[in-house]
Protein chains: 2
Amino acid sequence: MSVPQRTAKSILEIAAEVLVRDATASLAQVAAAAGIGRTTLHKRYPTRQHLLVAVAEESLDILDRAVTEAIGDDPGESLRDLVDALVPLGPRLEFLLRQPSLDAEPELQARWVQVDRPLTEFMGRVAEAGLLRPGVAPWWAVSSLYAVAYTAWEGVALGKLAPLDAAGLAYGTLMGGIGR
Amino acid sequence: MSVPQRTAKSILEIAAEVLVRDATASLAQVAAAAGIGRTTLHKRYPTRQHLLVAVAEESLDILDRAVTEAIGDDPGESLRDLVDALVPLGPRLEFLLRQPSLDAEPELQARWVQVDRPLTEFMGRVAEAGLLRPGVAPWWAVSSLYAVAYTAWEGVALGKLAPLDAAGLAYGTLMGGIGR
DNA sequence: ACCGTTGTGAACATGAGTGTTCCGCAGCGA
DNA sequence: TCGCTGCGGAACACTCATGTTCACAACGGT
């Protein structure tokens, strides 16, 4: 009982938080934030790069799960569920997009393509259901979904947007744009 | 005449290219790409951070100019001009967004807010002209503009989108969303 | 021809993060 | 009580980009 909470948050979760707040944080900072020694951190993740990749993989797992769960039978409803699911994943997306060392990991890029595949196929079905404007390719719909979800989360993080309004605004903008 | 092209591209331009391609590129790589010695690079930009800030400032200059020139009297037309102007700035936006060391420079953040001010005011006018959906705040319109422009440029960079189609798709998505 | 400017390569010093080793300590089950 | 295990802390060596100094070469103006 010396430790207040026994691994309430996993090391990877804390590492993700720290590295999103400061992408150049040293391993000492990560270890300190996790309440463990730097040596222990090295034992689990031999290299800084190993740690970064592990965080990235976990992030992709979370993303994958969220996407899989959100996609259902009804295209329209699923779209709304997707937005709801993706907005809170902002920090993970930020980590994946902003951590420079990840560019050197082809496996991660491949993995992301893998995650995007069901999403793109889903958008194809949405298009076939006549719910997409002509000229909007499935991949573009996916990219727009990411963009609007991430932007909404950013708005929340900057205090410009109420958390409860974020997903709604994102969904409205995705489907109807900003104009009328 | 020893040098083929006398500063055809400025050092900052080349640095921007190299650092977008590889955010962790060393100064030696930047100097080599610019065709100058590392020592010379150090004379102009004493520190790596100085160089990064200089590239960022130049990027903000470019962004500022593009925004200022695009904003005209007619709100609708200006919106289209804005998208046209922002899409090609993708690499500069990527640099500003992905270079981690820039987070530690409050002046740059302040400068960006400065650049965004006329943009936000413009979106306010667009809203007053009745061109924005209710519930779309000016700052959200600005964020969406950035997001869609950057996403379109990314599509071009990945070879998914024809350069000539990018701005049109971005504008259409911004104003009308992906749905119908 | 002289001199200031500018760039260059080589060499060096530095510092920070990283990765490793080693030893002590606490917990825990047998 | 005895091991076993995992963790922590201290210390170490190492790597690498960085920043600095210096002497030399090319250039241009006077």
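All values derive from a computational prediction rather than experimental measurement. Chain identifiers are assigned alphabetically (A, B, ...) following the order of the sequence lines, protein sequences preceding nucleic acid strands; residue numbering begins at 1 within each chain.
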### Summary
Given the options A:R65, A:R111, A:R92, A:E58 meets salt bridge (charged side-chain N to carboxylate O under 4.0 Å, His left out) only with A:R92

### Query
Can you find an N or O donor on one side and an acceptor on the other, under 3.5 Å apart, linking the side chain of A:S26 with the base of C:dG17?
no

### Residue-phosphate contact under 4.0 Å: A:T39 side-chain N/O, D:dC7 OP1/OP2
no

### Message
Quick check: on DNA chain C, is the nucleotide nearest B:T40 upstream (toward 5') of the one nearest A:L27, or the reverse? Name the residue that is more 5'.
### Response
B:T40

### Message
Taking CG in B:D74 as the centre, count heavy atoms belonging to other residues, nucleotides or ligands within less than 6.0 Å. Is the count above 12?
### Response
yes

### Query
Around A:E77, counting heavy atoms of other residues, nucleotides and ligands shown, do more than 12 lie under 6.0 Å from its CD?
no

### Query
Side-chain donor-acceptor pair under 3.5 Å between B:Q49 and B:E105, yes or no?
yes

### Task
Would you list the pairs meeting ring pair (Phe, Tyr, Trp, His ring centres under 6.0 Å) in which at least one residue belongs to residues 61-106 of chain B, sequence neighbours left out?
none

### Query
Does anything in residues 14-24 of chain A reach DNA chain C, meaning a heavy atom under 4.0 Å, and if so which residues?
none

### Task
Kindly determine whether A:K160 and A:D165 satisfy salt bridge (Lys or Arg N to Asp or Glu O under 4.0 Å), including the steps that lead there.
CA-CA 11 Å; A:K160 294 178 171 179; A:D165 296 342; over 6 Å; no

### Query
Near DNA chain D, under 4.0 Å by heavy atom, which residues of residues 42-52 of chain A?
A:K43, A:R44

### Task
Give the rounded distance in Å between these two atoms: CD1 of B:I11 and C1' of C:dT6.
12 Å

### Any donor-acceptor N or O pair under 3.5 Å, side chains B:D116, B:Y146
yes

### Message
Distance criterion of 3.5 Å, no angle test: do you see the side chain of B:R38 paired donor-to-acceptor with the base of C:dG7?
### Response
no

### Task
Please determine if B:R117 and B:D64 form a salt bridge, counting it only when a charged side-chain N lies under 4.0 Å from a carboxylate O.
no

### Task
To the nearest Å, give me how far apart CD1 (B:I36) and C1' (C:dT6) are.
12 Å

